[in-house]
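Working notes, beginning with the structure itself.
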Amino acid sequence: MSRIVGIDLGTSTSEIACIIDGVPKVIPNTLGKPITPSVVHIREDGEALVGEEAAEYLFTRPECTFMEVKRLTGSGETLRAHGKEYSPEDVQAMLLRYLVSCAETYLKEKIDRAVITVPAYFTDVQRRATARAGELAGLSVERIINEPTAAALDYGLVNLKECKNVLIYDLGGGTLDVTVLELFEGVLDVKASRGNNHLGGKDFDEIIMRNLADTAGDERALMRLKKAAEDCKIALSTQESYEVSLPFLTTARDGKPVSLEKTVTRTEFEEWIREKVDSTREPMMTALADSGLSAGDLNIVLLVGGSTRIPCVRKVVEESLSAAAHSLIDPDLTVVRGAAIQAGLLDGAFTAADLVLTDVCPYTLGIAVLHESFYEEKLLFDPIIPRNTTIPVEKSKVYYPVEDYQTIVQIKAYQGDSSNPENNEYLGNVTLTGIPPAYRGKREPIEVTFAYDVNGILQVKASVVSTGQTVSAEISTTGVKAKPPVDLAQWEKAEGAKRFRPAMRKAEKLIAEEYDEDGDLEILVRQIKEALLLNKKEQAEALRDELLELLEAMK
Ligand SMILES: Nc1ncnc2c1ncn2[C@@H]1O[C@H](COP(=O)(O)OP(=O)(O)OP(=O)(O)O)[C@@H](O)[C@H]1O
Ligand SMILES: [Mg+2]
């Protein structure tokens with residue numbers, strides 16, 4: 001089997017590493033540097049430039065140069081360059097391909113397997129999108145691991161023998177992760193994770209920009225301002241004040257050039273970002289509470305990520321936990337080294353033997369259920385897997401159809417902690433059909449199973465207990481392989497679709513005429529199209545039978 005590499009695909013910077021002679025080694029890029037800016041420039045001919053070379057184009061060709069794309073992971077947004085469309089995953093894949101090519105040159109071998117890190121607080125959709133980016137880059141993604149857990153692996157490697165309660169505070173370019181874990185004779189036991197997927201150094205840059213100037217849509221000026229803001233922020237981590245100087249930044253309405261000269265003090269900067277930095281207390285305290293530990297039980301607090309170099313960030317951590325925070329030697333490289341250790345544990349390159357890792361699912365996962373009482377009916381969120389359960393985990397619960405003679409149920413999966421599903425994040429749904437119709441008191445029990453794997457990916461299954469009829473969720477995949485998207489509009493081109501046409505036409509007509517009150521027809525029609533497009537003939541046939549039955553009943 002070929003070697004597995006570890007990749008930290010960061011918001012601002014990315015790295016690649018592998019195990020060489022039993023230790024994790026960060027591999028230099030084509031410029032000889034261990035750290036690559038997460039910037040991609042797309043040339044007219046569609047070729048991608050990555051890293052520092054691409055970053056040059058942020059100033060001259062900002063419209064076809066992408067940065068901080070990780071923030072768009074799984075968002076479904078479209079990026080455009082030279083009239084062509086790219087998904088965030090396409091761009092992430094270009095970044096991955098570049099890192100892999102650096103490793104191939106360095107190691108003089110082909111690389112096609114990787115462990116990729118993601119923020120612990122990344123959602124199911126974001127994890128899936130990351131795996132998809134890996135696939136697009138021609139990689140088999142062997143494991144997705146959480147960034148703070150990777151940092152813990154790196155730390156644990158050298159501190160294996162000690163017994164410790166560790167809190168890891170990881171504030172990078174775009175995300176915050178707080179993880180509490182126990183290190184015990186080589187076992188890394190993650191107890192709890194909490195975070196914010198939209199908080200990081202990028203936000204601090206933006207706050208500085210807002211306080212410095214208004215570039216009124218002048219994109220080049222905006223890029224120069226952003227760079228100056230980041231330089232200013234970084235300087236203020238070690239200096240008390242910094243002079244921002246941007247001659248001829250933009251042109252005013254009257255055509256006169258506008259320059260920017262301004263001194264920013266550390267006190268001023270801290271004032272500007274205070275609210276954001278303070279907002280990191282909640283995840284710290286919640287992760288701690290969820291882990292069952294108190295601040296006094298912590299033996300060490302580790303700082304990971306470039307933004308923890310900001311003095312007031314460190315101060316908030318120390319104050320909240322009444323403990324001194326320790327920076328790792330390389331807060332920027334510890335995650336990728338941990339990814340390499342995980343890769344080495346999988347491919348056998350790493351033999352520092354007794355390193356065992358457990359991780360958790362950071363979100364509460366469950367479904368929406370209809371709650372009926374004497375005077376009202378309302379939808380409630382019913383948890384199936386509570387947050388911070390050790391993974392992999394599989395849990396089942398039994399539910400009943402709400403109506404008499406109901407033959408279809410739609411199971412909607414959510415993540416979050418609110419009892420109102422609308423306040424939680426919707427993940428997707430499974431539709432279970434073919435439930436034997438029954439009336440009140442005799443309704444069929446339906447078993448819903450949530451399986452959350454080591455990659456943090458959720459699979460939802462539902463089955464009719466008495467018949468064994470089972471469906472797996474749309475949100476389900478095997479391993480970390482993302483399902484290819486299908487274009488439902490093309491269903492008639494699928495093999496064998498012809499025989500489905502009459503029933504489908506009838507159903508679509510009824511839907512259009514608003515006869516399909518509870519949406520059952522629509523669900524079936526969609527499922528049939530999908531089954532046909534994915535060439536699942538038997539499933540399509542079974543669904544058609546159901547559709548015909550339903551159409552008959554609606555006559
Ligand atoms: N000395 C410093 N002072 C303040 N901020 C810094 C310093 N050095 C780096 N940063 C900031 O740290 C961020 C990058 O950190 P890091 O490389 O850990 O993030 P990332 O891994 O790319 O992001 P994420 O983990 O959120 O996806 C950038 O916003 C950068 O400006
Ligand atoms: Mg990072």
Side-chain angles (χ1 to χ4, degrees), residues 6-17 26 33-40 51 55 58 66-74 88 92 95 99 116-122 126-127 129-130 133 144-152 154 168-179 193 195-209 226-240 242 264 266 269-270 272-273 276-277 280 283 302-315 327-339:
I7 300 176
D8 174 4
L9 194 59
T11 309
S12 319
T13 66
S14 297
E15 299 82 21
I16 186 165
V26 183
K33 299 196 176 162
I35 295 177
T36 301
S38 305
V39 184
V40 174
L58 283 171
F66 305 114
M67 64 191 299
E68 291 162 359
V69 174
K70 182 173 176 178
R71 290 201 142 191
L72 305 178
T73 306
Q92 295 279 72
L95 201 58
L99 293 169
I116 303 180
T117 63
V118 294
Y121 222 54
F122 246 24
Q126 291 171 308
R127 285 166 197 269
T130 305
I144 298 255
I145 70 164
N146 294 334
E147 285 159 14
T149 308
D154 185 41
I168 297 176
Y169 178 100
D170 179 354
L171 188 62
T175 50
L176 166 75
D177 269 321
V178 180
T179 289
S193 277
N196 181 343
N197 286 335
H198 293 281
L199 180 68
K202 173 189 147 73
D203 298 289
F204 305 148
D205 300 344
E206 276 167 10
I207 294 173
I208 299 181
M209 289 162 72
K226 184 168 168 50
K227 170 86 172 61
E230 187 177 10
D231 290 346
C232 170
K233 172 188 77 177
I234 291 175
L236 292 176
S237 287
T238 47
Q239 292 162 218
E240 286 300 328
Y242 180 80
V264 181
R266 187 190 285 175
F269 169 60
E270 288 182 349
W272 293 343
I273 65 167
K276 294 248 181 243
V277 176
T280 71
L302 295 177
L303 297 177
V304 179
S307 298
T308 59
R309 293 206 178 93
I310 300 173
C312 71
V313 168
R314 169 186 288 260
K315 213 164 111 214
S327 297
L328 290 168
I329 306 152
D330 310 294
D332 324 275
L333 298 178
T334 185
V335 170
V336 77
R337 276 203 306 255

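First listed ligand is number 1; within each ligand, the first listed atom is number 1.
A salt bridge links Lys202 to Glu206: one of the charged nitrogens lies within less than 4.0 Å of a carboxylate oxygen.
Here the protein heavy atom with the shortest distance to atom 22 (O) of ligand 1 is Ser12 N, 2.6 Å. At the top of the distance list for atom 15 (O) of ligand 1, counting protein heavy atoms only, stands Gly306 N, 3.2 Å. Counting protein heavy atoms only, atom 19 (O) of ligand 1 is closest to Gly173 N, 3.0 Å. When only non-hydrogen protein atoms are considered, atom 21 (O) of ligand 1 lies nearest to Gly10 CA, 3.8 Å. Looking only at protein heavy atoms, the nearest one to atom 8 (N) of ligand 1 is Arg309 NH1, 3.4 Å. Closest to atom 17 (O) of ligand 1 among all protein heavy atoms lies Thr13 OG1, 2.8 Å. Protein heavy atom at the shortest distance from atom 29 (O) of ligand 1 is Lys233 NZ, 3.1 Å. Regarding atom 24 (P) of ligand 1, its nearest protein heavy-atom neighbour is Thr11 OG1, 3.3 Å.
The line from CD of Gln126 to CZ of Arg71 is 11.0 Å long, rounded to the nearest 0.5 Å. Here the CH2-CD1 distance, from Trp272 to Ile208, works out to 6.5 Å after rounding to the nearest 0.5 Å. From Ile310, atom CD1 reaches atom CD of Glu270 across 9.0 Å, with rounding to the nearest 0.5 Å.
If you number the atoms of ligand 1 from 1 as listed, the ones under 4.0 Å from a heavy atom of Gly305 come out as 18 (O). Close approach of ligand 1 to Lys70 (heavy-atom distance below 4.0 Å) involves ligand atoms 24 (P), 27 (O). Below 4.0 Å from some heavy atom of Thr175 lie the following atoms of ligand 1, by number and element: 24 (P), 25 (O), 26 (O), 27 (O). Close approach of ligand 1 to Gly201 is summarised as follows: ligand atoms under 4.0 Å from at least one heavy atom of the residue are 29 (O). Ligand-side atoms of ligand 1 in range of Glu230: 28 (C), 30 (C), 31 (O), range being under 4.0 angstrom from any heavy atom. Close approach to Glu147 involves these atoms of ligand 1, each under 4.0 Å from a residue heavy atom: 25 (O).
The shortest side-chain heavy-atom distance between Ser237 and Pro311 falls under the 4.5 Å cut-off. With contacts defined as side-chain heavy-atom distances shorter than 4.5 Å, the pair Val69/Leu95 does not qualify. Asp205 places a side-chain heavy atom less than 4.5 Å from the side chain of Lys233.
With hydrogens and angles ignored, the 3.5 Å screen pairs a side-chain donor or acceptor of Thr73 with a backbone N or O of Lys70. Proximity of a side-chain donor or acceptor of Asn197 to a complementary backbone N or O of Tyr121 within less than 3.5 Å is detected. Between the Arg127 side chain and the Phe122 main chain, a donor and an acceptor come within less than 3.5 Å of each other.
A donor-acceptor pair shorter than 3.5 Å cannot be found between the side chains of Thr36 and Ser14.
Polar contact check, Asp332 against ligand 1: no nitrogen or oxygen pair lies under 3.5 Å apart.
The proximity of Ser237 to ligand 1, defined as any non-hydrogen pair under 4.0 Å, is limited to the side chain.
In this structure, Gly200 has no heavy atom closer than 4.0 Å to ligand 1.
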